[in-house]
Amino acid sequence: MSAPGNGSSLDQELAKLEETCRIAAQAIANARSVREAVEAAAVEVPHHLQAIVRVKVPALGRLARARDMRVEDIVKDQLTSLRIERSDFVANRELDRWKASDWYLLRSGYPDLYAKALREANLIIEQKRRNRR
């Protein structure tokens with residue numbers, strides 16, 4: 001038989017996990033880079049709660065969707081800043097920096113978005129080079 005306090009302990013752990021998910025969702029919304037968004041969404045679920053967490057903590061399921069949407073928004077913002085940049089040299093350096101610091105996560109976790117963003121970034125830089133000539 002289970003102890004009478006066991007149910008409230010489980011409720012406390014679920015409430016704590018719900019609060020952790022809320023904080024993670026806020027961190028995702030405030031993320032400025034792909035790396036920040038992905039790291040913020042990494043919430044550790046205790047082993048003994050994994051079976052019931054999907055039903056009892058719906059915020060955990062929403063984290064993945066929020067992360068994916070935020071990653072897409074960040075990449076769109078990065079590409080927009082690449083378009084605004086006047087110098088093709090500076091734009092190319094910025095793209096290289098993103099590929100090294102941020103987009104390596106896209107390559108593994110979001111291969112379609114990575115391919116699309118890389119193709120678009122290269123087109124933007126190529127257009128800047130043509131306009132410079």
Side-chain angles (χ1 to χ4, degrees):
M1 295 197 33
S2 64
N6 196 16
S8 66
S9 172
L10 183 63
D11 290 340
Q12 288 173 348
E13 287 185 69
L14 289 171
K16 183 179 174 187
L17 186 59
E18 183 78 33
E19 179 64 17
T20 302
C21 290
R22 189 190 65 73
I23 292 169
Q26 186 65 37
I28 290 169
N30 293 334
R32 293 284 190 216
S33 68
V34 173
R35 183 182 46 78
E36 287 178 13
V38 170
E39 287 175 357
V43 173
E44 187 71 29
V45 178
H47 180 68
H48 63 283
L49 296 178
Q50 288 178 353
I52 62 170
V53 76
R54 293 285 178 210
V55 175
K56 298 286 187 177
V57 185
L60 187 63
R62 290 191 295 263
L63 278 182
R65 290 188 299 277
R67 177 200 60 212
D68 294 347
M69 290 179 0
R70 184 64 186 142
V71 165
E72 286 184 26
D73 288 345
I74 290 168
V75 171
K76 284 179 189 174
D77 291 345
Q78 289 172 337
L79 291 172
T80 300
S81 71
L82 205 62
R83 273 189 207 93
I84 293 171
E85 179 57 51
R86 292 179 160 220
S87 167
D88 64 312
F89 178 74
V90 174
N92 198 26
R93 299 255 333 228
E94 191 69 13
L95 176 61
D96 288 342
R97 187 180 66 80
W98 291 333
K99 288 192 293 190
S101 67
D102 237 15
W103 288 13
Y104 71 95
L105 291 165
L106 289 178
R107 196 176 329 131
S108 61
Y110 304 88
D112 293 339
L113 179 60
Y114 174 75
K116 181 180 172 186
L118 189 59
R119 184 172 45 249
E120 191 170 338
N122 286 329
L123 286 173
I124 292 168
I125 291 172
E126 215 30 63
Q127 183 179 20
K128 289 183 181 303
R129 285 185 184 141
R130 276 184 275 156
N131 290 342
R132 184 181 63 174
R133 293 181 192 160

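The shown structure was predicted, so the numbers you read here are calculated from the model rather than taken from an experiment.
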Quiz item: How long is the gap from NZ on Lys56 to CG on Leu10, to the nearest 0.5 Å?
Solution: 7.5 Å

Practice problem: Search all heavy atoms of Ser81 against all heavy atoms of Gln78 and return the closest pair with its distance. | Solution: OG-O, 2.8 Å

Exercise. Determine the minimum heavy-atom distance between Ala41 and Arg67, stating which atoms define it.
Key: CB-CD, 3.7 Å

Quiz item: What is the distance from atom CZ of Phe89 to atom CD of Glu94, rounded to the nearest 0.5 Å?
Solution: 12.0 Å

Quiz item: Among all residues two or more places apart in sequence or in another chain, which pass the side-chain hydrogen bond (donor to acceptor under 3.5 Å, both in side chains) test with Arg35?
Solution: none

Quiz item: Could you walk me through whether Asp96 and Lys99 pass the salt bridge (Lys or Arg N to Asp or Glu O under 4.0 Å) check?
Solution: CA-CA 5 Å; Asp96 288 342; Lys99 288 192 293 190; 3.8 Å; yes

Self-check item: Pairwise distance CD(Gln12) to CG(Leu17) - rounded to 0.5 angstrom
Solution: 13.5 Å

Quiz item: How far apart are the closest heavy atoms of Glu18 and Ala59, and which atoms are they?
Solution: OE2-CB, 3.2 Å

Exercise. With side chain to side chain contact (heavy atoms under 4.5 Å, CB included) as the test, would you mind laying out the steps for Asn92 and Lys128 before giving the verdict?
Key: CA-CA 10 Å; Asn92 198 26; Lys128 289 183 181 303; over 6 Å; no

Side-chain donor-acceptor pairs of residues 42-49 under 3.5 Å, sequence neighbours excluded:
residue: His48; atom: NE2; partner: Glu13; partner atom: OE1; Å: 2.6
residue: His48; atom: NE2; partner: Glu13; partner atom: OE2; Å: 3.3

Quiz item: When rounded to the nearest 0.5 angstrom, what distance separates CG in Asp88 from CD in Glu126?
Solution: 9.0 Å

Quiz item: Are Ile52 and Val57 in one and the same hydrophobic cluster, where Ile, Leu, Val, Met, Phe, Trp and Tyr link if side-chain heavy atoms are under 4.5 Å apart?
Solution: yes

For residues 20-27, please give each side-chain donor-acceptor pair under 3.5 Å, one per line with the distance, not counting sequence neighbours.
residue: Thr20; atom: OG1; partner: Lys16; partner atom: O; Å: 2.9
residue: Arg22; atom: NE; partner: Glu19; partner atom: OE1; Å: 3.2
residue: Arg22; atom: NE; partner: Glu19; partner atom: OE2; Å: 3.4
residue: Arg22; atom: NH2; partner: Glu19; partner atom: OE2; Å: 2.6

Quiz prompt | Remaining members of hydrophobic cluster (4.5 Å side-chain criterion), Trp98 | solution = Val34, Val38, Val71, Ile74, Val75, Leu79, Leu82, Leu95, Trp103, Tyr104, Leu105, Leu106, Tyr110, Leu113, Tyr114, Leu118, Ile124, Ile125

Quiz item: With sequence neighbours left out, what residues match Arg62 under side-chain hydrogen bond (donor to acceptor under 3.5 Å, both in side chains)?
Solution: none

Quiz item: Can you name the nearest heavy-atom pair linking Ser108 to Pro111, along with the distance?
Solution: O-CD, 4.3 Å

Self-check item: Residues forming a side-chain hydrogen bond (donor to acceptor under 3.5 Å, both in side chains) with Glu120, sequence neighbours excluded
Solution: Arg83

Quiz item: Can you tell me how far CZ of Arg32 sits from CZ of Arg70, rounded to the nearest 0.5 angstrom?
Solution: 6.5 Å

